[in-house]
Amino acid sequence: MAVITEIMANPVARGLVGVLVVVAFISLNVLFLTWMERKVVARVQVRYGPNRAGPFGLLQPVADTVKLLTKEDIIPKAADRLLFTLAPAVAFTVAVLPAITIPLTKGLIVTDLNVGILYVIAVSSLATIPVIMAAWGSNNKYSLLGGMRAVAQSLSYEIPLVLSVVGVIALTGSLSMVRIVEAQKDTWFILLQPLGFAVFYLAAIAEMGRIPFDMPESESELVAGFHTEYTGMKFALLLFAEYIHMVVATALIVVLFLGGWNLPFITLPPILQAAVFMVKMYIVIFILMWTRGTLPRIKINVMTAIGWKFLIPLALANIFITGILLAW
Amino acid sequence: MTNDILVFYLIAFTTIISAILVITMRDIFRCAIALLMMFVAIAAIFITLEAEFIAAVQILVYAGAVVVLILFAIMLTKRDGERDMIPVFRGLVSLLFLLVIMLYVGEMNWWRYAPPMEAEAGSTALIGTLLFSEFVVPFEVISLILLVAMIGAIYMAKKEVAE
């Protein structure tokens, strides 16, 4: 025990351990999510989903990993080798970055930055860049179209996403993630900020690029969008990054609007608090998967129009109302 | 303290290397990616100076918005080989910039290692309070200028469509 405390006192060592723990934790969740997504969508479509590998098909992610690892790694001749190879790694790294400020409980957090939520917004704005790198590096028209859609989409939805958080920040009076959760001890912000929650939820789905907003990779129009040319582990990393976005975004929804580790009326011991957080997160993820199984895809022009003409005014109205109520 | 300086040199090295890559690489898309690397490294410098708010804004505005816009503009162009500016012109422009920067830098004690600020100096709350009290007039004037620029851009974009 003494050795561990000694190691953890060194900032560099603590950072490294923190990164390892976060990456391992998120990767486990992502593996589970790939299985869960198949099961949920299968149920929505009245199928069984994976049920051969292990109990309930739970070992399917392992089988998938082995399959992807043994696949031939193809780099197209006309591709920009550097960008093509770099893109999956950048995608994975950028996707993990926001996770270090997400508090499972008050103590279970890598670092509680005092610019917490601003940091998350800033690093998530980088998520488009690996997509563009992959799209441009592939030198393929479908990839490029997918990439351009991804940029148009994330540019239009980043603004309502950021604006919808302002109400929460105004109510808390702090950007720190721990403080935001603590401010929701009695009332969750979903009750005080219903409009903000709605805008954030929609914008987050769009930023994740999931159905009904999955324009960057709509398979019926663009083959597979920006990752058309990718195979093997590179493809796996891009896919991984997408699931990490989902984990991070749902965790953010829980932190900002669903009270984080708090339950109404009772105070729980820390381990149960982390469990409560995870349960809330998985409920949101389940709703996302359910939506994916149910709704059709929206056209790209309709989608950007929703972002600019509907969500941004709503988010601004939310800030205005919150301001008036706070000044009251 | 030694840790801090080591980290600083590591970041400074990254910044300079990526800045050199921006101007020497021939593929404009790769240049933009190198520019991104430089912006992120500069944000890291702000973090070592305890200016977390500035670091976050640096990433949000420069890395997140400016580079994405540049990349988007590149994607809208056709890919037809690599093209350079005329070398003489390029050399003159860089020389001019270098002169201006040297003149400016010469007035500051730039060779000294800047210690981190006091925790409060870079805090979001303080910046916010100052923006809306002491500096409220300049702040509003800047928003007005930005608004004018935006309207101008929209007007120019619209005119092209009408033709």
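Every value quoted in this text rests on a predicted model; they were computed, and no experiment measured them. In what follows, chains carry the letters A, B, and so on, assigned in the order in which the sequence lines appear, proteins first and then strands, with residues in each chain numbered from 1.
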Seminar exercise, completed: Okay, B:Val67 and chain A: the region with an atom under 4.5 Å from a heavy atom over there is side chain
Problem set entry | Considering all heavy atoms, the nearest B:Ala63-A:Leu126 contact | CB-CD2, 3.5 Å
Problem set entry | Spatial distance of atom OH (A:Tyr119) from atom CD1 (B:Ile47) [nearest 0.5 Å] | 7.5 Å
For this session: Taking atom CZ of B:Phe72 as the centre, report whether more than 12 heavy atoms of other residues, nucleotides or ligands fall under 6.0 Å from it.
Result: yes
Exercise. A:Ile132 versus chain B, heavy atoms under 4.5 Å apart: side chain, backbone, both or neither?
Worked result: both
Exercise. Hey, what do you get for CZ (B:Arg30) to CG (A:Leu83), rounding to the nearest 0.5 Å?
Worked result: 5.5 Å
Exercise. Which heavy-atom pair separates B:Ile59 from A:Val123 by the least distance, and what is that distance?
Worked result: CG2-N, 4.4 Å
For this session: Nearest 0.5 Å please: distance from the CG atom of B:Leu36 over to the CD1 atom of A:Ile129.
Result: 4.0 Å
Seminar exercise, completed: Cut-off 4.5 Å, heavy atoms of chain B, and the answer for A:Leu86 is neither
Problem set entry | Heavy-atom closest pair, residues B:Ala56 and A:Leu118 | CB-CD2, 3.7 Å
